[in-house]
Amino acid sequence: MHRERATPSRREFLHTVGLGAVALGAGAWTNASRAAEPGAVGAPGELVKLSEHLFVYRGPINVGIVRDGAKALLIDCGDGSVAQTLARLGVSTVDQIVFTHHHRDQACGAQAFAEKGSRIGVPAAERAYFDKVDAYWNDPKNRWHIYNQHPHHLMLAEPLRVDAVCADGQTIAWGPATIRVLATPGHTDGSVSYLVEIDGQITAFCGDAIHDEGRVWELYSLQKGTVTSDYHGFLGARPQLTESLKRLAAASPRRLVPSHGVVMDDPQKAIDALVRRLDACYEKYVAISALRHYFPKMFTEYAGRPGQMPIRPGRPAPACLRHFGTTWMLVSKDKAAFVMDCGGPNVVERIRGMLDKGEIAGVEGLWVTHYHDDHVDGIPAFQKAFSCPCITDRHVAEVIADPLAWRLPCISPERARVDRTPQHGESWTWREFKMTSYHLPGQTLYHAGLLVESGDLRMLFVGDSFTMGGIDDYCAHNRNWLGRGVGFDQCLALVEELRPTHMFNPHVDLAFDFTPEQCRFMRQNLAEREKLFGDLFPWDHANYGMDELWVRCHPYEQKAAAGRRVSIEVVVTNHSAVPREAACRAVLPRAWKATPQPWSSATIAAKTEGRVPLALEVPAPAPPGRYVIPIDVRYHGRLLPQWTEAIVTV
């Protein structure tokens, strides 16, 4: 990073303004912002004057204001609070708003402007995410079996009228400005930037393509499939974003104005730093990625590079095991069967066939490694066919017993009955085997491990958390935390402690293991990632930029009768090393004609999960339907408008 100039005091800052809270020039903004908490958006209502006719409102997001006398054109509008500051510029009418992308924090305040006659312009590729967004929310494929994160669900809760679309290369002449549309996909598939030529300068309003020099707002929006679905595409939008950043640099703007972050006076330097950092983060990820086992052609350019962990060879499974689909079956000496995972009805048919042939004498237990649909879809049929207990860690049980309460990748609507939830490290005996249950927060936070011991065998069933290639962290939406003692570091510490002779993944029919040196190598890689990825985001820990669900609603979806009370808990994970204050409020549907909701708050201890309870009334005349309830969040000096959502079906 370059050396900072001295930051003026608040009094000096206001004294030099001339328009109350309007700052002069981009430099003052850049320095003041960097002196604040990283990623903070500055004082609400603050305006920055870039030139005679161009301003930026610093609210929850940065809103561009092109002024022409008493009229203005806005670039994005955030939560709409920009309306409260326009009078200070002599603006009485917002003639038009153009949006960089469809995310809710960019546009949740637009309805009030539209109702007053403002024309709404949106990226051509994302029009349906504005004026037909109700189709998205009512389509089951966007709720269940989610293997694609595009379009992202951080979209408007209700449709917004669209008057025009903005396409790559289009020129918009408005007042004293000439505005060129530049396609800059990456953060979303249809993101655009606006090159505003005014007062002899070109300023690029670039959405969330970049946050600051070498930084982005978050990483999970860059999940994108290249070989298969988005699910396998960790940082898959990186090449697309890199190309977009190069297009921005080639346009030679005087400055970059991002949606989140600070004005960048040296666009080329800021972009080069981000591209280098993204490349370094991706190479560190590839070095121990389990995906190298499944799709080796995706990573040929990394083969043989220093720092890449060799892929372990597999070996045959012990004779007591059977494998089919995503199921491992443990068979005792007297032919009793203990089944691990049931991904579909074909598993039930396979087991019935084994019973008919006398290969097994009966089914005595079902273990569930994690909640993903290809491991649980067949459980209801299994539980009808076989009378045996279903056992799993409580983190998994909470999801599979009540899937309606969760929104997660690869989730199934099928409910499973769970009979036992042993504690972490709790053991029991089944036939000639000793079994021990563990919470194994690897591929997903909601994941279990099972150690099965018999004689010299120490067999660790790791679900989808490991393969011979390393760790299965190829979907950022699975909540793969970084840090000592959490996430995959916790899992690898457990492997070091247990020293299994064999490890098993339900998708792989061979056993494998890791050497002590490989375990140390992977843990060192993860420790380096915590710092490397942390530098990529404007937060005080990497997990805020990695973990989309650090703020989530529980239950995610529920049914309610009109006239009844609804309770929602906003679950906040404090990834910081110190306590944080969180405040939340629900944003109710317009059709409910409700008064604004109050804020509720809680102090969240460091490195823990806390809950902020909300209560709301469904009005008696509310029409039947499925309603999206966005949640405003205040967290450590940041206002995050409509940051997450819950669903209420009336």
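Heads up: numbering here begins at 1 and tracks the sequence. Everything numeric in this text was worked out from a predicted model, so none of it was measured.
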**Student:** Taking the side chain as everything from C-beta on, heavy atoms only, tell me whether Gln170 gets closer than 4.5 Å to Arg180.
**Tutor:**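 They are not in contact (no side-chain heavy atoms under 4.5 Å apart), so the answer is no.
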
**Student:** Should Asp464 and His507 be marked as a side-chain hydrogen bond (donor to acceptor under 3.5 Å, both in side chains) after you check the CA-CA gap, both sets of side-chain angles, and the distance that decides it?
**Tutor:** CA-CA 7 Å; Asp464 286 1; His507 292 273; 3.1 Å; yes

**Student:** Quick one: is the NZ or CZ of Arg292 closer than 6.0 Å to the six-membered ring centre of Phe299, and within 45° of its axis?
**Tutor:** no

**Student:** Using the side chain to side chain contact (heavy atoms under 4.5 Å, CB included) criterion, which residues pair with Ala124? Sequence neighbours excluded.
**Tutor:** Val165, Ala167

**Student:** Considering only heavy atoms from C-beta outward, does the side chain of Leu640 approach that of Asp632 to under 4.5 Å?
**Tutor:** no

**Student:** Determine yes or no for a side-chain-to-main-chain donor-acceptor pair under 3.5 angstrom, with Gln149 supplying the side chain and Pro409 the backbone.
**Tutor:**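 Here the side-chain-to-backbone pair does not exist.
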
**Student:** Is Arg238 salt-bridged to Asp279, going by a charged N under 4.0 Å from an acidic O?
**Tutor:**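 Counted as a salt bridge, because a side-chain N and a carboxylate O are separated by less than 4.0 Å.
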
**Student:** Might you work through the side-chain hydrogen bond (donor to acceptor under 3.5 Å, both in side chains) test for Asp472 and Tyr474, ending with a clear yes or no?
**Tutor:** CA-CA 6 Å; Asp472 288 53; Tyr474 39 72; 3.1 Å; yes

**Student:** Whether the Asp76 and His101 side chains hold a donor-acceptor pair (N or O, under 3.5 Å, no angle test) is what I'd like checked.
**Tutor:**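 Result is no, nothing qualifies.
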
**Student:** Shortest non-hydrogen contact from Pro60 to Ser81?
**Tutor:**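 So the two residues come closest at CD-OG, 4.0 Å.
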
**Student:** Flag the pair Phe130 / Phe99 as yes when their ring centroid distance falls below 6.0 Å, and as no otherwise.
**Tutor:** yes

**Student:** Mind checking whether His187 and His103 have parallel, tilted or perpendicular rings, split at 30° and 60°?
**Tutor:**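 Correct class here is perpendicular.
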
**Student:** Only pairs at least two apart or in different chains count here, so list each side chain to side chain donor-acceptor pair (under 3.5 Å) that has a residue in residues 123-133.
**Tutor:** His102-Glu126, Glu126-Thr188, Arg127-Asp131

**Student:** Taking side chain as C-beta onward, heavy atoms only, is Val648 less than 4.5 Å from Val628?
**Tutor:**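 Side-chain contact under 4.5 Å: no.
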
**Student:** Apply side chain to side chain contact (heavy atoms under 4.5 Å, CB included) to Ala83 and list each qualifying residue two or more places apart in sequence or on a separate chain.
**Tutor:** Phe113

**Student:** Does NZ or CZ of Arg143 lie under 6.0 Å from the centre of the six-membered ring of Trp137, at an angle within 45° of the ring axis?
**Tutor:** no

**Student:** Indicate yes or no: at least one non-hydrogen side-chain atom of Trp144 is less than 4.5 angstrom from one of Ser412.
**Tutor:** no

**Student:** Looking only at heavy atoms, what is the nearest atom pair of Asp208 and Ser259, with distance?
**Tutor:**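 Here Asp208 and Ser259 meet closest at OD1-CB, 3.5 Å.
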
**Student:** Considering all heavy atoms of both residues, which atom of Val91 and which atom of Ala72 are nearest to each other, and what is their separation?
**Tutor:** CG1-CB, 3.6 Å

**Student:** Can we say Glu645 and Arg104 salt-bridge, meaning some charged N sits less than 4.0 Å from an Asp/Glu carboxylate O?
**Tutor:** yes

**Student:** Does a donor on one side chain and an acceptor on the other come within less than 3.5 Å for Tyr544 and Tyr635?
**Tutor:**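 There is such a pair between these side chains.
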
**Student:** Are Tyr194 and Thr203 close enough that some pair of their side-chain heavy atoms sits under 4.5 Å apart?
**Tutor:** no

**Student:** Do Ile629 and Trp592 have side-chain heavy atoms sitting under 4.5 Å apart?
**Tutor:**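 Sidechains of Trp592 and Ile629: in contact.
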
**Student:** ring-ring contact (aromatic ring centres under 6.0 Å, His included) for Trp406 and Tyr371? Distances and angles first, verdict last.
**Tutor:** CA-CA 11 Å; Trp406 301 80; Tyr371 75 87; 8.2 Å; no

**Student:** Once you measure the plane-to-plane angle for His370 and His375, does it fall in the parallel (<30°), tilted (30-60°) or perpendicular (>60°) bin?
**Tutor:**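 Aromatic pair His370/His375 classed tilted.
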
**Student:** Might you point out which heavy atoms bring Val192 and Thr184 nearest each other, and give the distance in Å?
**Tutor:** C-OG1, 3.3 Å

**Student:** Taking Arg626 first and then Asp134, would you say they form a salt bridge - that is, a charged N and a carboxylate O separated by under 4.0 Å?
**Tutor:** no

**Student:** Okay, side chain of Asp266, backbone of Lys269: is any donor-acceptor separation there less than 3.5 Å?
**Tutor:** yes

**Student:** Begin from the C-alpha positions of Val196 and Gln201 and carry the test side chain to side chain contact (heavy atoms under 4.5 Å, CB included) through to its verdict.
**Tutor:** CA-CA 8 Å; Val196 180; Gln201 297 181 348; over 6 Å; no

**Student:** Is any NZ, NE, NH1 or NH2 atom of the basic residue among Arg215 and Asp212 found under 4.0 Å from an Asp or Glu carboxylate oxygen of the other?
**Tutor:**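 Yes.
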
**Student:** Applying side chain to side chain contact (heavy atoms under 4.5 Å, CB included), name anything that partners Asn480, two or more places apart in sequence or on another chain.
**Tutor:** Asp473, Asn478, Phe488

**Student:** So, using side-chain hydrogen bond (donor to acceptor under 3.5 Å, both in side chains) as the criterion, who are the partners of Glu197 when residues are at least two apart?
**Tutor:** none

**Student:** Indicate the atoms forming the closest heavy-atom contact of Ile411 with Pro403, along with that distance.
**Tutor:**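 Closest approach of Ile411 to Pro403: CD1-O, 3.8 Å.
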
**Student:** Is it true that a side-chain atom of Gln597 and a backbone atom of Ala586 form a donor plus acceptor pair closer than 3.5 Å?
**Tutor:** no

**Student:** Excluding sequence neighbours, so at least two apart, what forms side chain to side chain contact (heavy atoms under 4.5 Å, CB included) with Ser51?
**Tutor:** Leu54, Ile198, Asp199

**Student:** Looking at Glu52, is its backbone amide N or carbonyl O close enough to the side chain of Arg67 to form a donor-acceptor pair, meaning the two atoms are under 3.5 Å apart?
**Tutor:**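 Yes, Arg67 side chain to Glu52 backbone: donor-acceptor pair under 3.5 Å.
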
**Student:** Once the angle between the rings of Phe533 and Phe234 is folded into 0 to 90°, is it parallel (under 30°), tilted (30 to 60°) or perpendicular (over 60°)?
**Tutor:**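 Phe533 and Phe234: tilted rings.
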
**Student:** How about Val48 and Arg58: do any of their side-chain heavy atoms sit closer than 4.5 Å?
**Tutor:**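 They are in side-chain contact.
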
**Student:** Between Asp547 and Arg479 (salt bridge meaning N to carboxylate O under 4.0 Å), is one present in this structure?
**Tutor:**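 Salt bridge flag = yes for Arg479 with Asp547.
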
**Student:** Less than 6.0 Å separating the ring centroids of Tyr231 and His372?
**Tutor:** yes

**Student:** Does a salt bridge link Glu115 with Arg590, judged by any charged N lying under 4.0 Å from a carboxylate O?
**Tutor:** yes

**Student:** Between the main-chain N or O of Pro258 and the side-chain N or O of Asn62, is there a donor-acceptor pair closer than 3.5 Å?
**Tutor:** yes

**Student:** Does some side-chain heavy atom of Tyr57 sit less than 4.5 Å from a side-chain heavy atom of Ile65?
**Tutor:** yes

**Student:** Using 4.0 Å as the upper bound for N to carboxylate O, is an ion pair formed by Asp163 and Arg161?
**Tutor:** yes

**Student:** Between the side chains of Asp168 and Arg247, is the shortest nitrogen-to-carboxylate-oxygen separation below 4.0 Å, so that they form an ion pair?
**Tutor:** yes

**Student:** Show the nearest heavy-atom pair for residues Ala542 and Glu530, with the distance to one decimal.
**Tutor:**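 Of all heavy-atom pairs spanning Ala542 and Glu530, the closest is CB-O, 3.7 Å.
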
**Student:** Kindly say whether Asp230 contributes a backbone atom to a donor-acceptor pair with the side chain of Asn148 at under 3.5 angstrom?
**Tutor:** yes

**Student:** When the aromatic ring centroids of Trp539 and Trp217 are compared, is their separation below 6.0 Å?
**Tutor:**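 Judged by ring-centre distance (under 6.0 Å), Trp539 and Trp217 do meet the cut-off.
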
**Student:** Classify the ring geometry of His575 against His541: parallel below 30°, tilted from 30° to 60°, perpendicular beyond 60°.
**Tutor:**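 Judged by the thresholds at 30° and 60°, the geometry between His575 and His541 is parallel.
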
